[in-house]
2 protein chains.
Amino acid sequence: MSARLPVHSMTLTTAQPNSVGVVEPQFFTFAQPPDEMKLVSGKKLGPITLVYETYGTLNADKSNVILVEHALTGDAHVAGYHKDQTSKKPGWWDIMVGPGKALDTERYFVVCANCIGGCSGSTGPDSENPATGYPYARDFPIITIQDMVEAERHLLDHLGINQVLCVIGGSMGGMRVLQWTVSYPERIRLAIPIATTSRLSAQAIGFNEVGRQAIMGDPDWRNGNYKREGVIPNHGLAIARMIGHITYLSDKAMHNKFGRDLVESNGSTFTFNTEFATEFQVESYLRHQGSVFVQRFDANSYLYITKATDYFDLTQPSGSLRKELSRVQAKFLVISFSSDWLFPTYQSREIVKALRQNSLDVTFAELQTDKGHDAFLLESAQLSSLISNFLNYAID
Amino acid sequence: MSARLPVHSMTLTTAQPNSVGVVEPQFFTFAQPPDEMKLVSGKKLGPITLVYETYGTLNADKSNVILVEHALTGDAHVAGYHKDQTSKKPGWWDIMVGPGKALDTERYFVVCANCIGGCSGSTGPDSENPATGYPYARDFPIITIQDMVEAERHLLDHLGINQVLCVIGGSMGGMRVLQWTVSYPERIRLAIPIATTSRLSAQAIGFNEVGRQAIMGDPDWRNGNYKREGVIPNHGLAIARMIGHITYLSDKAMHNKFGRDLVESNGSTFTFNTEFATEFQVESYLRHQGSVFVQRFDANSYLYITKATDYFDLTQPSGSLRKELSRVQAKFLVISFSSDWLFPTYQSREIVKALRQNSLDVTFAELQTDKGHDAFLLESAQLSSLISNFLNYAID
């Protein structure tokens, strides 16, 4: 494969030879009253705005669409750079999306939208409630993974895309991948759910719940009305993020990354200081993750989105995953990571088994890695070639 | 083995045929100024009170002593009932300690003391600081696992016990077991560290740190002076406990215990309620664990004791566990649980390997169980017989 020149931004040539360059978020608003979108809960929501980005070019018969689904705290900015942020790091899956990359923007038209309930441009609890002029806060209705998919369906209709070549995503993104194949079987040709599950385990619900309790117990949460009252429950949200982060890594990954190393400022010995300040590198890392997260994420969104993942259960209503997947038509590549203990491989195997019981074409790969759940976000030649090979094989 | 009648309390006959019956906590105070105990940190602490309990009878040559070491939030009340609490549940290891049980009180004299830094009767941050008349709070010095053992050594001296037949404990109790064999090799004949580690992993430190951050970020923590200011950081402490509890169980144990079952009051469907109230059984369980914990445990103690476990590192100062264990004399029974992911089996194997490199007599058993880290606290014929057989073999 020949070297490619960046299309949009010469300033990025050296650093990012395969970057999609500068991209601009786009917005789509629908479900204007009185035609609000009906949610699984029975409640209605509208108007709804989705922020989305696209990379590559939609071909004439609109058959080259790859729909990327982001994870819990992800957003629509998958690859490249925003105009005013060229010096910052690129979109969250820049390793995967770009010219010559696994989701090759010279072949495919890649689309990603921020989920509803989110806080990165799409309508969520932090958006203005037209009825009050204030953020929805807890007046925002409970949303589900199905609702998120339904909102995306409106977007695809708007873009005139009837069928998606491939829907792909990790973690909560993988849940939406699965939901798409169930909700709209005829609109999905290929599906790549990564590091995901057909339903959260008690342990995963438990971690979500502790995070929510941390937020809701923060006095600055103000029963959800913190924005209106001019405060932010940073402490609770940071705690939730710190818990999350441990679950995204593996024991081995944390050992390799930090071990029992101390922060440099303290030298090589313990402080015996009752400030309980940062001593181990891992403490410093987690505190940092917590503190940067609160700058970009909304606490109420965290409640709503984690709840959506708790509710997600593809085995319902029948109780049989096999039965609930019986209308699925897509070809599948299911990927898990050996050290993922949030959504362990056995949960991917359950999906694979149910798909195969329905005589579907399923490729399954458990990648051997120490990097834990978040491995799908990390550079991996193996992951990339698995995905690009699947796309090549399945299309031919 | 013939049936035994309870010795102390007839009211317990039916429910607890092998109970030690009613027991009374005892107190030992030492390190009176100016003879304070010197801590690893270089600081001094005194006076120090230890609360302890004993079960069974000390024999003439004082050769039948079993020293039990409690875990992170445990206490001196191992077995039987306190006088005013006969209707409540017995001590935390009543399944293990009593007539005819693995730690047979008809043969052994069992001793357990609450660790220093604790809040269940021994001197800790909630104790009165003689210098101020208020609780120590953060004026309490940082304590280590070594310091806890040193305080217990004072207790044994006070009881006239020169050598311990066996020291046994799980989790942080296991750390003190290991530390005893290193600090006072000649005083320990047998050692049974269970579900423990020679040093915490980055992941385990991470979980401790999130718990501490939850406490210290609670506005009611008041920089540690909550008691003086008439408040309690219940929220932060409950969050810390909820996190801890998830790590004490296993994915499978939580699945078996709760699955995705909903609390009964909500019926069989989701509420779609933006109160984010308890819906899943696992949420209810964790919230309950948090709320009962704050009634019995001190938030500052949680900071100090978790810090002591973070600091614990038997490989130091040389960096070689083998070297640091070279003076150990005890015979060992090392036990791990297959589903323990807080202190996984590989960490027990590291201990076993280092002991064997020193030509010590080591029996190792990884018990197959779904119950996770807390398995050592649960009824298990396998665990009990392993321990009683080891005691029999090693003594003969």
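A, B, ... follow the sequence lines: proteins, then strands. Residue 1 opens every chain. Just so you know, these numbers come straight off a predicted model, no measurement behind them.
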Chemist: Under 4.5 Å, counting heavy-atom pairs only, tell me which of A/G42, A/G206, A/S201 racks up the most with chain B.
Modeler: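 The option with the most such pairs is A/G206.
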
Chemist: Relative to each other, are the rings of A/H373 and A/F343 parallel, tilted or perpendicular (30° and 60° limits)?
Modeler: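 Perpendicular: the ring planes of A/H373 and A/F343 meet at over 60°.
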
Chemist: Using the ring pair (Phe, Tyr, Trp, His ring centres under 6.0 Å) criterion, which residues pair with B/Y304? Sequence neighbours excluded.
Modeler: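 B/Y304 satisfies ring pair (Phe, Tyr, Trp, His ring centres under 6.0 Å) with A/F276, B/F140 only.
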
Chemist: What residues form a ring pair (Phe, Tyr, Trp, His ring centres under 6.0 Å) with B/Y311, not counting sequence neighbours?
Modeler: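 Partners of B/Y311 by the ring pair (Phe, Tyr, Trp, His ring centres under 6.0 Å) criterion, ordered by chain and then number, come out as A/F270, A/F272.
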
Chemist: Can you say whether B/H255 sits under 4.5 Å from chain A via the side chain, the backbone, both, or neither, judging by heavy atoms?
Modeler: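 The backbone, not the side chain.
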
Chemist: Taking every heavy-atom pair that is under 4.5 Å apart, which of B/V282, B/D251, B/D139 has the most such pairs with chain A?
Modeler: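 Between B/V282, B/D251, B/D139, the count favours B/D251.
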
Chemist: B/F258: what forms a ring pair (Phe, Tyr, Trp, His ring centres under 6.0 Å) with it, not counting sequence neighbours?
Modeler: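 Testing B/F258 for ring pair (Phe, Tyr, Trp, His ring centres under 6.0 Å), a comparison that skips the adjacent residues, returns B/Y285.
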
Chemist: Select, from B/N273, B/N300, B/N208, the one with the greatest count of heavy-atom pairs under 4.5 Å involving chain A.
Modeler: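 So the answer, after comparing B/N273, B/N300, B/N208, is B/N273.
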
Chemist: Less than 6.0 angstrom separating the ring centers of B/W341 and B/Y346, yes or no?
Modeler: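 Distance test on ring centres: not under 6.0 Å, no.
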
Chemist: Quick check on the structure: residues of residues 213-231 of chain B within a heavy-atom distance below 4.5 Å of chain A, by number.
Modeler: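 Expected list: B/Q213, B/A214, B/M216, B/G217, B/D218, B/P219.
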
Chemist: What part of B/L286 gets within 4.5 angstrom of chain A, counting heavy atoms only: side chain, backbone, both, or neither?
Modeler: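 For B/L286, the side chain is the part near chain A, not the backbone.
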
Chemist: Which bit of B/L39 comes within less than 4.5 Å of chain A, counting heavy atoms only: side chain, backbone, both or neither?
Modeler: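 B/L39 has no heavy atom closer than 4.5 Å to chain A.
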
Chemist: Select, from A/E275, A/Q203, A/H245, the one with the greatest count of heavy-atom pairs under 4.5 Å involving chain B.
Modeler: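 Ranked by contacts with chain B, first place is A/Q203.
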
Chemist: Pick from A/K43, A/R138, A/M242: which one has the most heavy-atom pairs with chain B under 4.5 Å?
Modeler: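 Ranked by contacts with chain B, first place is A/R138.
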
Chemist: Tell me, for B/Q281 versus chain A, whether the close heavy atoms (under 4.5 Å) come from the side chain, the backbone, both or neither.
Modeler: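 Neither part, no heavy atoms under 4.5 Å.
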
Chemist: Please tell me whether B/E366 and B/S338 have a donor and an acceptor in their side chains that are separated by less than 3.5 angstrom.
Modeler: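 Their side chains do not contain a donor-acceptor pair, so the 3.5 Å distance test is not met.
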
Chemist: Would you say B/E279's side chain and B/T271's backbone share a donor-acceptor pair under 3.5 angstrom?
Modeler: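 Yes, B/E279 side chain to B/T271 backbone: donor-acceptor pair under 3.5 Å.
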
Chemist: Rounded at 0.5 Å granularity, tell me how far OG1 in A/T274 sits from NZ in B/K307.
Modeler: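 Between atom OG1 of A/T274 and atom NZ of B/K307 there are 11.0 Å.
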
Chemist: Does A/K257 pair with A/D370 as a salt bridge, N-O distance under 4.0 Å?
Modeler: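 So A/K257 does not pair with A/D370 through a salt bridge.
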
Chemist: Quick check on B/T144 against chain A: is it the side chain, the backbone, both or neither that has a heavy atom closer than 4.5 Å?
Modeler: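 The side chain, not the backbone.
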
Chemist: Please check if the side chain of B/S339 supplies one atom and the backbone of B/G372 the other of a donor-acceptor pair under 3.5 Å.
Modeler: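 Yes.
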
Chemist: For B/R199, is it the side chain, the backbone, both or neither that has a heavy atom under 4.5 Å from a heavy atom of chain A?
Modeler: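 Both backbone and side chain.
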
Chemist: Under a 4.0 Å N-O cut-off, is there an ion pair linking B/E150 with B/K38?
Modeler: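 Answer for the salt bridge query: no.
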
Chemist: Taking every heavy-atom pair that is under 4.5 Å apart, which of B/R212, B/Q316, B/M254 has the most such pairs with chain A?
Modeler: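 Among B/R212, B/Q316, B/M254, the one with the most close pairs to chain A is B/M254.
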
Chemist: Can you tell which part of B/D310 gets under 4.5 Å to a heavy atom of chain A, answering side chain, backbone, both or neither?
Modeler: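 It is both, since atoms from each part get that close.
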
Chemist: Could you check whether B/T278 and B/E283, counting side-chain N and O atoms only, form a donor-acceptor pair closer than 3.5 Å?
Modeler: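 No pair is found: no donor N or O on one side chain lies under 3.5 Å from an acceptor on the other.
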
